Trainee: 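Shown below is the structure under consideration.
Here the structure is a predicted model, which is why all the values come from computation and not from measurement.
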Amino acid sequence: MKRIHIKRPDIKGGIQRVKNLKPEDIKKYWKKRKERREQILEKRRNSPLAKKLAPCYKFMNQFSLVFHALLACFLNLVIECISRHSLVQGWNYMVETPKVFLYNSFLIFITFSVVYLVRRRIFARILLSVFWIGLGVTNGYMLMKRVTPFNAQDLKVAGDAVTLINSYFNGIELVAVIVGVAAVVVWVISMWKRGGQYAGKMRRVLALTGVVIWFGLFFVVTDIALDKRVISNYFGNIAFAYEDYGFPYCFMSSVFNTGISQPNGYSEEMIAQISENGAITEAKTGRKEMPNILFIQLESFFDTSEVEFLQTSQDPLQTFRALSEKYSSGYFKVPSVGAGTANTEFEVLTGMNLRYFGPGEYPYKTILKKETAESAATALKRFGYGAHALHNNGGNFYSRSTVFNNIGFDSYTSKEFMNILQLTENGWAKDDILTEHIMNAMDSTEQQDFVFGITVQSHGDYYGQHLENPRIQVTGIEDEEVRSAWEYYVNQIYEVDQFIGDLVQALEDRKEPTVLVLYGDHLPTLGLKSEDLKGRYLYNTNYVVWDNIGLEKQDRNIASYQIMADVFEKLDIHSGTIFNYHQKRRQTKNYLLDLEMLQYDILYGEKYVYGGKNPVPEGHMQMGIKDVVLTDLITQLDGTYSLYGENFTKNSRVYVNGEKKSSKFLNNTRIELQETELKEGDIITIIQMGSSNTVFRTSAEYIYRGGKIEELTEELKLQLEEEEKKAEDVKTVTEETKDAADDSSETPQK
């Protein structure tokens, strides 16, 4: 058997050679390298594969622009067929809207101009084609799972989406995706070697100039297309915009068009006029007794009786319907369909209109992730309210743990602080867990509270769910898969309706003045079309305003960005710049134009409305309401430890001396500490951990002494320090005594 010999690097010799280098040696090296490169290229040009592909290379080089144009049109057609899940609809889009089709093809075409900058042009074309097809496939798959198409903002929540991967992919789909991506990567890498290289002279300066010209021409064409209304830069409905204006243009718009552009006429004088010289920033009320205010955003929730083809064995929303008949209710206009929970949430909490932001943008993932801003929380805290947010889903999802801190909440209780025992068939937490935590939030303060809750139980995916013994049966749908999906959804919102009843009862039992607003964030992803609904509009859900303070019933339709101002006005509360603006300017001239300018000034402009300073300081929100408490530790026969205490959840992690240890959650009062040997003086803490190892909340420190644990209070720390000091003193005295004795024994006797 041959032995492998590893040659030791001659470092000293290498350094010596570098020192002795002469200009002639460098020239000789580069000359040899160039000759070697020419030999390699010549060998590739004369290879059997290269000879077979020579006619193809020749065509691509001679008629490259024509080839790029044809390839761009082909890719555009494939992308639209995938996005529309139909070859016929993709073809009809091309034939019926040729200007839009050619514009999107031109967008793809100009990206191929970069191939002239490299020798491996075949490989570059393959890479660009894979890029565009990959975007199209991603969009097509997302449209199977939701109504909202793929956009740049999805890339910003990609980290969060990984935690929900099991909710969007079944096992077979996940394996297919992994295998497919791996196969494409292997093929692309192989084409790096097999694709050949351009053998002619490289004119990179000319090529770079061409790239700049093509991209400049694209901007000119875009301006013309916008002027002629071939395309639009405002997407009132992002799903319809993708269908009307094509995937390439809409996706690229979502990449580069974010935030709010500076409106024409923006100035300090204009803001002063809009804000009535800052009057809308004031907070005032005529109420003597302030009520608790709760807003509960219900996931994918709406009145299913609105669906004309749907028949159910019983009404799944008996509680919600009864409340709607007695209290103020109506249609609730939301900014998204099938997805975009955080955007409805954004409009409700801030009063801002999303139409002025980039297409498909999530302000939670852009501006509010790094800037503080006014919200309902800050508006009500000016009257002494406590402000609490709750959601039975991950605390980091949509960056809520950061955003809620930036918009003034005092606390945020996410699923990491909930002992969730019941899950839906597709893995979402059931909503009944929220009632307990809403009461805990309200109990945590002595004053009135503003509580904003977000549910998750009725979230999709609905397809593939087959209930064995559903409480409510669905009829009127021939397709069994579609019928099962609707049946699953209807039974979920039935349980959400039960949660609503329990919450109202709990609030009544408190006997505190309270207003509760319930609304759906968007329609479910069940393939609904406008003609399927009685209201003939996909952006309507439903809302109801329950109260125990005698508010007058006023039924009307309302937009999500207006509802907070509307409820405040019912309560004679006038606080929050945007909410005051809605109350003063709604249904007046230039209402929406001035709203856009005000939003720009607050989030992106000079903050003239505030006198140039942001009035919202960085928050100090705490995660969760209750601390994790350790009460006891018992050593088991097998050498493991049982930690006993309060408020443990599945996200509780045990740390010993700052190092994470293996543990097993058993219930809300017990955790098993495994594979750990505690030593005298070890410090134990419990951390509530979010996704990506985010530390949400840390318990007090507990010290292990004499087989027991004890909270490491400041008094105990001082006591331990004194004991340690005494021990050191005793040790010192002992050593000195020993040394003296040794010296005495060594003294000679007379």
Trainee: So, the side chain of Asn426 versus the backbone of Asp461: is there a donor-acceptor pair under 3.5 Å, distance only?
Mentor: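 Yes; at least one donor-acceptor contact below 3.5 Å.
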
Trainee: So, does Trp486 use its side chain to make a donor-acceptor pair with the main chain of Tyr462 at under 3.5 Å?
Mentor: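 No; judged by distance alone, with no hydrogens or angles, the pair does not exist.
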
Trainee: Which value, rounded to the nearest 0.5 Å, describes the distance between Asp627 atom CG and Phe417 atom CZ?
Mentor: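 Atom-to-atom, Asp627:CG and Phe417:CZ are 9.5 Å apart.
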
Trainee: Is Gln448 close to Phe383 at the side-chain level, that is, under 4.5 Å between some pair of heavy atoms?
Mentor: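 Phe383 vs Gln448: side chains apart.
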
Trainee: Do you know which two heavy atoms are closest between Thr525 and Gly338, and how far apart they sit?
Mentor: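 Minimum heavy-atom contact is CG2-O, 3.0 Å.
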
Trainee: Under a 4.5 Å cut-off applied to non-hydrogen side-chain atoms, are Phe404 and Asn406 in contact?
Mentor: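 They are not in side-chain contact.
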
Trainee: To the nearest 0.5 Å, what is the distance between CG (Asp431) and CD (Glu299)?
Mentor: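 The distance works out to 9.0 Å.
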
Trainee: Checking the side chain of Ser300 only, and the main-chain atoms of Pro524 only, is there a donor and an acceptor separated by less than 3.5 Å?
Mentor: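 A pair under 3.5 Å: no.
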
Trainee: To check you understand the geometry: which heavy-atom pair defines the closest contact between Gln492 and Thr424, and what is its length?
Mentor: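 Closest pair (atom of Gln492, atom of Thr424, distance): OE1-CG2, 3.3 Å.
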
Trainee: Using the rule given for side-chain hydrogen bond (donor to acceptor under 3.5 Å, both in side chains), can you reason through Ser692 versus Asn396, listing the C-alpha separation, both sets of side-chain angles and the distance that settles it, and then say yes or no?
Mentor: CA-CA 9 Å; Ser692 303; Asn396 279 332; 5.4 Å; no

Trainee: If you define the side chain from C-beta out and look only at heavy atoms, does anything of Asp449 sit under 4.5 Å from His388?
Mentor: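 Asp449 vs His388: side chains touch.
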
Trainee: Listed by chain and number, what are the ring pair (Phe, Tyr, Trp, His ring centres under 6.0 Å) partners of Tyr385, not counting sequence neighbours?
Mentor: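 Here no residue qualifies.
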
Trainee: Of all heavy-atom pairs between Gln688 and Thr649, which one has the smallest distance, and what is that distance?
Mentor: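 Residues Gln688 and Thr649, closest heavy atoms: NE2-OG1, 3.0 Å.
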
Trainee: Given 3.5 Å as the limit, does a donor-acceptor pair link the side chain of Asp432 with the main chain of Phe499, or not?
Mentor: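 No.
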
Trainee: Please report the closest heavy-atom contact between Thr640 and Gln674, naming both atoms and the distance.
Mentor: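 Answer, listing the atom of Thr640 first, then Gln674: CG2-CA, 4.4 Å.
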
Trainee: Do side-chain atoms of Asn647 reach the backbone of Val629 as a donor and acceptor pair under 3.5 angstrom?
Mentor: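 Not a single qualifying donor-acceptor pair exists.
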
Trainee: Could you check whether any side-chain heavy atom of Glu680 comes within less than 4.5 Å of a side-chain heavy atom of Arg705, counting everything from C-beta outward?
Mentor: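 Counting from C-beta outward, Glu680 and Arg705 do come under 4.5 Å.
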
Trainee: Please report the shortest heavy-atom distance between Ile493 and Ser458, naming the atom on each side.
Mentor: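 Between these two residues, the closest heavy atoms are CG2-CB, 3.8 Å.
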
Trainee: Would you check if Glu416 and Thr694 make a side-chain contact, meaning some heavy-atom pair closer than 4.5 Å?
Mentor: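 No, every pair of side-chain atoms sits at 4.5 Å or beyond.
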
Trainee: State, yes or no, whether a side-chain contact exists between Leu518 and Phe301 at a heavy-atom distance under 4.5 Å.
Mentor: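 Heavy-atom side-chain distance check fails, nothing below 4.5 Å.
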
Trainee: For the pair Thr402 and Lys369, evaluate side-chain hydrogen bond (donor to acceptor under 3.5 Å, both in side chains) and give the outcome as yes or no after the intermediate values.
Mentor: CA-CA 6 Å; Thr402 299; Lys369 196 173 180 181; over 6 Å; no

Trainee: Cut-off 3.5 Å, side chains only: do Arg400 and Tyr412 have a donor facing an acceptor?
Mentor: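 Result is no, nothing qualifies.
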
Trainee: With a 3.5 Å distance limit and no angle check, can you tell me whether Arg697 reaches the backbone of Gly624 through a side-chain donor-acceptor pair?
Mentor: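 Yes, the answer is positive, given that a donor and an acceptor are paired below the 3.5 Å cut-off.
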
Trainee: In this structure, which one of Val515, Leu507, Val517 forms a side-chain contact (heavy atoms from CB on, under 4.5 Å) with Leu294?
Mentor: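 The residue from Val515, Leu507, Val517 that satisfies side-chain contact (heavy atoms from CB on, under 4.5 Å) with Leu294 turns out to be Leu507.
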
Trainee: Should we say atom CD of Gln447 is surrounded by more than 12 heavy atoms from elsewhere, each under 6.0 Å from it?
Mentor: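 Yes, enclosed.
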
Trainee: Check this for me: does any side-chain nitrogen of one of Glu659 and Lys661 sit under 4.0 Å from a carboxylate oxygen of the other?
Mentor: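 So Glu659 pairs with Lys661 through a salt bridge.
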
Trainee: Report yes if the side chains of Phe346 and Pro335 come closer than 4.5 Å at any heavy-atom pair, otherwise no.
Mentor: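 No, too far: nothing below the 4.5 Å cut-off.
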
Trainee: With a 4.5 Å limit on heavy-atom distance, are the side chains of Leu434 and Leu503 in contact?
Mentor: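 The answer is no; the side chains never approach within 4.5 Å.
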
Trainee: How would you list, by chain and number, every residue that makes a side-chain contact (heavy atoms from CB on, under 4.5 Å) with Arg670, sequence neighbours excluded?
Mentor: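 With neighbours one apart ignored, the set is Gln636, Ser642, Tyr644, Leu666, Asn667, Glu672.
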
Trainee: Looking at every non-hydrogen atom in both residues, tell me the closest pair between His459 and Trp428 and how far apart they are.
Mentor: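 Scanning both residues completely, I find the closest heavy atoms to be ND1-CZ2, 3.4 Å.
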
Trainee: Check whether the ring centres of Tyr364 and Tyr398 lie less than 6.0 Å apart, and answer yes or no.
Mentor: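 No; Tyr398 has its ring centre 6.0 Å or more from that of Tyr364.
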
